[in-house]
Amino acid sequence: MKEGAGLLAEYLLLLFTTAPRRPKALFNVLRGKRTVSTLFAGLTTDSLSLLGSCHGIPLVSFERATEQLVSDGWLKTTQPGYLQLTIAGAAAQQRLKDTLYLPTAWENYQAADVRQFTAASQLALQVVSEAVHQQRRYYPITTDRHIQWQVKQWFRQWQSPTLGQQIQQELTAFLQTQTTELATVFSGSLTGFNFPGQTEQQLATQLDRQPLEIVVMRKDLSCHWVAWLKQQPTTPLAALLRPLLKVTPVSSSAWQTYQDYRASQNLTLVAQRRKLKLSTVREHLLEVAILWPEFPAAELLTPIRIQQLTGLFSENPRIETWRFDTVQAAFPEIDFFWFRLYQIMRCHDAA
Amino acid sequence: MQREAIYQRLKAKYGFDEFRPGQYEVISDLLAGEDVLAVLPTGTGKSLIYQLVGSLLPGLVVVISPLISLMQDQVARLNYQGEKQVAALTSQLDFGTRKSVLRQLPQLKFLFISPEMLKQPRVLAALQQTTISLLVIDEAHCISTWGPDFRPDYLSLGTLKQAIGNPLTLMLTATATAKVRQDIVTQLQVPAAKQVVYSVNRPNIYLAVEQVASEADKRERLQQLVLAVKRPSIVYFSSKRQTDLIAEWLRSTTHLRVAAYHAGLTAENRFKIQQQFMAGELDVICATSAFGMGIDKADIRQVIHYHLPTNLADYVQEIGRAGRDGQPALAVLLYAPGDEQLVRNLNNLTAASPAEIQLDQQRFQQSQVAETDLSLVLQYYWTHGYSVEQVTTQFESRQRAKEAELAQLLTYVQAKTCRRAVLMAYFNEPAPDHTPRCCQLSGEPLPLAQLGLTASKAQSQAATIPWQQILAQLFLQNS
């Protein structure tokens, strides 16, 4: 890749394969847009673990990066709105996999509100550090009132003469599970007494990495930390995490719809009770079906529909290429909801 | 309120015995119920004025501020001073958080907000239900310089002020010519406001302009200056990209501790760089003009402009960040032939031809959404019933004003006589007598030794601290 083409482009290249993929859908997965179409794209491209991992990424940066990959000859367009790897792109991807820092725990984005936890823990650690050194006047790392309130509640509960020591031991135990490089990034990024903390740029210079790699490492560290804290539920920082843990990766509204469906087994009834349109109830169930592999899709579909659809697509194993027109032509009574639910079920079966 | 009571509050709240020039006058006028336009040079503690008044009057202080980063700095500073009931209402907050801030308005003491956010019906409605002790227009010159062709909602502040019950108003700026002051009081509909105007002159800042032949020479001269002159220094650029590139270049070629600062950084990185700078951990900050508005660091010894500022008022504001401790400091403007074109290009970004204006009105009449930056600005005029002719006149007059300001700036750059006299003339102020510590006359070398501004040996970049040691330092006492 030409100099200056940007590390974002390099990371994005890792999301493509030699089969065509829709960049806009991948963008929406990274942003965490929870529409059925985005979630389904995430399922078929095996990128659901990235859902919401790059919350603030601007569309313009994403598009500039993909355009760069096209102009460098690493991606190509075969049909409008789709991109796929070229042979050179596939080789470049392999090289990047060997050199770039690759996240290993991002699936934890579905287990907790990692972004919120990162912000709250950063302030909590600053508050503890300043308190240990009897500092009452300092500039807080975040001015977000909600996070300040959350941390204040937490600190009131856990404040003690030994809290600093406890935190130091807890962080030491966690960082011992990580590489020295990651531990350096974690500790260097902290803010506290007489220690403003290093920026990603500064850490990148120190560790001979690119700033975006440090960003990726920090996100990965937050994810590892979330996973680690779930195993240490009695520690002070686990208490800060607890309210941010997700019972399920599904949104609470969709989960409620699903629970109601389990109880009544009747979509129309659920719609009435939840005061939702039937189409919304169906969207909720599709969301659950995508994010919750135990979803009883077969039960909902009924054996007859499964049989019809299985027969129709038996010749084509590439689930993401199935078209609803095919269904409409053969079985006009089967609407899109059943088609999509069947696709989701087969994706999970194939996984 | 009695003079004594005001001084007591100053002592109790901030630990000071004396006000800085202008502070007391503005505070007592406000407490006497007068609207005030205060032009006080950078470094005179303008925010203390509304903080102190806010602590004495019941109700909410609403501060109109132009930049989110500035609002965040101001909130953090109030937090630092122990004020908890403070919030910034910005477009970066999600819907739920905005709603929660509005719900908490009656409990808040300070609210920072942009003109664009203030005009939102929900926000106005919430403020109408709240007792407002003081409305502050921070960086009030933005009304005149940004209003017409960049942030037109600044033009609505007068109407918005009426909508929230016409509260007591304080307009604050560090630099404003008579024309800008007139614009401010007209737009805010406060013609009778008391004007407290202090000289913009900062005699301890030595003024210099260095003419260089090319971009390469400019870089080289920049490097010499940051190495030769006492630190810390700020270097201002007009583009984010150049800020990053030159910071990286200085870092790799000088061993100085250099960081870049601009609006493209995350709030966390901005916070860290500001705090490192305040703590003396950085020698040089390469920045766009966003850096410094909220910074209160007294010992900055040098401000270099790598690119021309947009006008002399901005220049005075930016160099004013040097030498707040009253000790000698240096302001150097680096100029290569043709640099003014960059300013013209920036000015052109907000220009619009009569044809473009006409076309955009048609877009508005056809109820098409405003998408471009220009359309978003023009939308303001169409929704406020302006005609194409009126808008065209407005835009032409703004462009002429910008061209005139550039010409004045170039007069300063090319001056063969006392530069301070040129600067003072721009603000209609009398020039002090020229002395060797005033400014660099054409062809003279920089008198660094005489000013006591020769650099001492550079601090070496800090060695990497092992992670275990960082944790111990942060969380263990006496470590």
Side-chain angles (χ1 to χ4, degrees), chain A residues 56 118-119 122 125-126 128-134 136-149 152 161 163-172 175-176 178 180-202 205-207 211 215, chain B residues 71-82 84-88 92-94 96-97 100-101 104 108 112 244 247-248 251-252 257 259-260 265-279 281-282 461-462 464-479:
Chain A
T118 305
Q122 183 103 20
L125 294 179
Q126 182 190 16
V128 173
S129 173
E130 302 282 3
V132 164
H133 296 90
Q134 287 88 43
R136 292 181 58 83
R137 280 162 74 95
Y138 53 89
Y139 288 85
I141 176 92
T142 173
T143 53
D144 182 310
R145 281 175 63 80
H146 181 63
I147 291 172
Q148 288 187 348
W149 178 84
K152 192 188 260 179
L163 180 61
Q165 202 177 357
Q166 262 178 290
I167 297 282
Q168 185 259 348
Q169 285 165 358
E170 191 180 331
L171 293 181
T172 303
L175 291 180
Q176 277 165 346
Q178 303 295 314
T180 305
E181 188 184 36
L182 284 172
T184 305
V185 169
F186 186 95
S187 60
S189 306
L190 293 175
T191 294
F193 175 70
N194 267 351
F195 192 83
Q198 290 170 280
T199 63
E200 280 114 13
Q201 170 73 58
Q202 290 165 335
T205 307
Q206 183 186 322
L207 296 168
V215 173
Chain B
M71 292 186 217
Q72 286 165 342
D73 288 350
Q74 285 162 321
V75 173
R77 189 187 298 181
L78 279 159
N79 284 163
Y80 170 80
Q81 289 166 348
K84 304 290 182 223
Q85 298 311 325
V86 44
Q92 279 182 355
L93 300 181
D94 60 45
T97 315
S100 124
V101 170
Q104 292 165 2
L108 286 183
F112 292 86
D244 279 330
E248 179 60 42
R251 228 182 347 252
S252 61
R257 299 166 301 172
L265 299 181
T266 61
E268 182 186 329
N269 285 333
R270 280 204 311 266
F271 170 91
K272 286 177 172 172
I273 289 170
Q274 284 186 7
Q275 294 302 311
Q276 289 172 5
F277 191 61
M278 302 284 273
E281 295 175 10
L282 291 172
Q461 297 192 10
T464 309
I465 311 172
W467 65 264
Q468 296 89 340
Q469 196 181 323
I470 294 179
L471 293 187
Q473 277 174 15
L474 284 171
F475 300 110
L476 301 182
Q477 262 176 319
N478 311 318
S479 57

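So that the names make sense, note that chain A is the first sequence line, chain B the second, and so on, each numbered from 1.
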Without swapping roles, check the side chain of A:H133 against the backbone of B:Q473 for a donor-acceptor pair under 3.5 Å. yes
Looking at residues at least two apart in the chain, or sitting in another chain, which of them share a ring-ring contact (aromatic ring centres under 6.0 Å, His included) with B:F112? none
Euclidean distance, A:Q206 CD relative to B:T464 OG1, rounded to 0.5 Å: 4.0 Å
Look at A:L175, A:T180, A:T184, A:T142 and state which one has the largest set of heavy-atom pairs under 4.5 Å with chain B. A:L175
Output for pair (A:F186 CZ, B:L471 CG), nearest 0.5 Å, gives 7.5 Å
Can you see which heavy atom on B:Q477 is nearest to which on A:V132, and at what distance? CG-O, 3.3 Å
Side chain, backbone, both or neither of A:E200 within contact of chain B (heavy atoms, under 4.5 Å): both
To the closest 0.5 Å, what do you measure between CZ (B:F271) and OG1 (A:T199)? 13.0 Å
Over all atoms of both residues, closest heavy-atom pair of B:F475 and A:L190: CE1-CD1, 4.3 Å
Heavy-atom distance under 4.5 Å to chain B: side chain of A:Q202, backbone, both or neither? side chain
Structural part of B:Q92 lying under 4.5 Å from a heavy atom of chain A: neither
What part of A:L125 lies closer than 4.5 angstrom to a heavy atom of chain B: side chain, backbone, both or neither? both
Sequence-distant partners of B:E268, salt bridge (Lys or Arg N to Asp or Glu O under 4.0 Å), two or more places apart: A:R218, B:K272
Partner chain A: residue of B:N269, B:I273, B:I465 with the largest heavy-atom pair count (under 4.5 Å): B:N269
Between A:R136, A:Q201, A:E130, A:H146, who has the most heavy-atom pairs with chain B when the cutoff is under 4.5 Å? A:Q201
Contacting moiety of A:Q165, where chain B heavy atoms sit under 4.5 Å: both
Looking only at B:V101, B:L93, B:V86, most heavy-atom pairs under 4.5 Å shared with chain A are made by B:V86
Would you mind checking which part of B:A76 comes under 4.5 Å of any heavy atom in chain A, side chain (CB onward), backbone (N, CA, C, O), both or neither? both
For B:N79 and A:Q148, test the side chains for any donor-to-acceptor distance below 3.5 angstrom and give the result as yes or no. yes
So, do A:P196 and B:E281 sit near enough that their side-chain heavy atoms are less than 4.5 Å apart? yes
Interface residue of largest heavy-atom contact number with chain A, from B:Q81, B:Q276, B:R270, B:Q72, under 4.5 Å: B:Q276
Between B:Q275 (side chain only) and A:Y139 (backbone N and O only), is there a donor and an acceptor less than 3.5 Å apart? no
Heavy-atom check, side chain of A:V185 versus side chain of B:W467, under 4.5 Å: no
Look only at the side chain of A:R145 and the backbone of B:K84, and say whether a donor-acceptor pair between them is shorter than 3.5 Å. yes
Roughly how far, to the nearest 0.5 Å, is the OG1 atom of A:T205 from the CD atom of B:E248? 6.0 Å
Would you compute the distance between atom CD of B:Q468 and atom CD of A:Q168 and round it to the nearest 0.5 angstrom? 9.5 Å
Contacting region of B:I470 [heavy-atom separation from chain A under 4.5 Å]: side chain
In terms of heavy-atom pairs under 4.5 Å, which option from A:G164, A:S129, A:A119 contacts chain B the most? A:S129
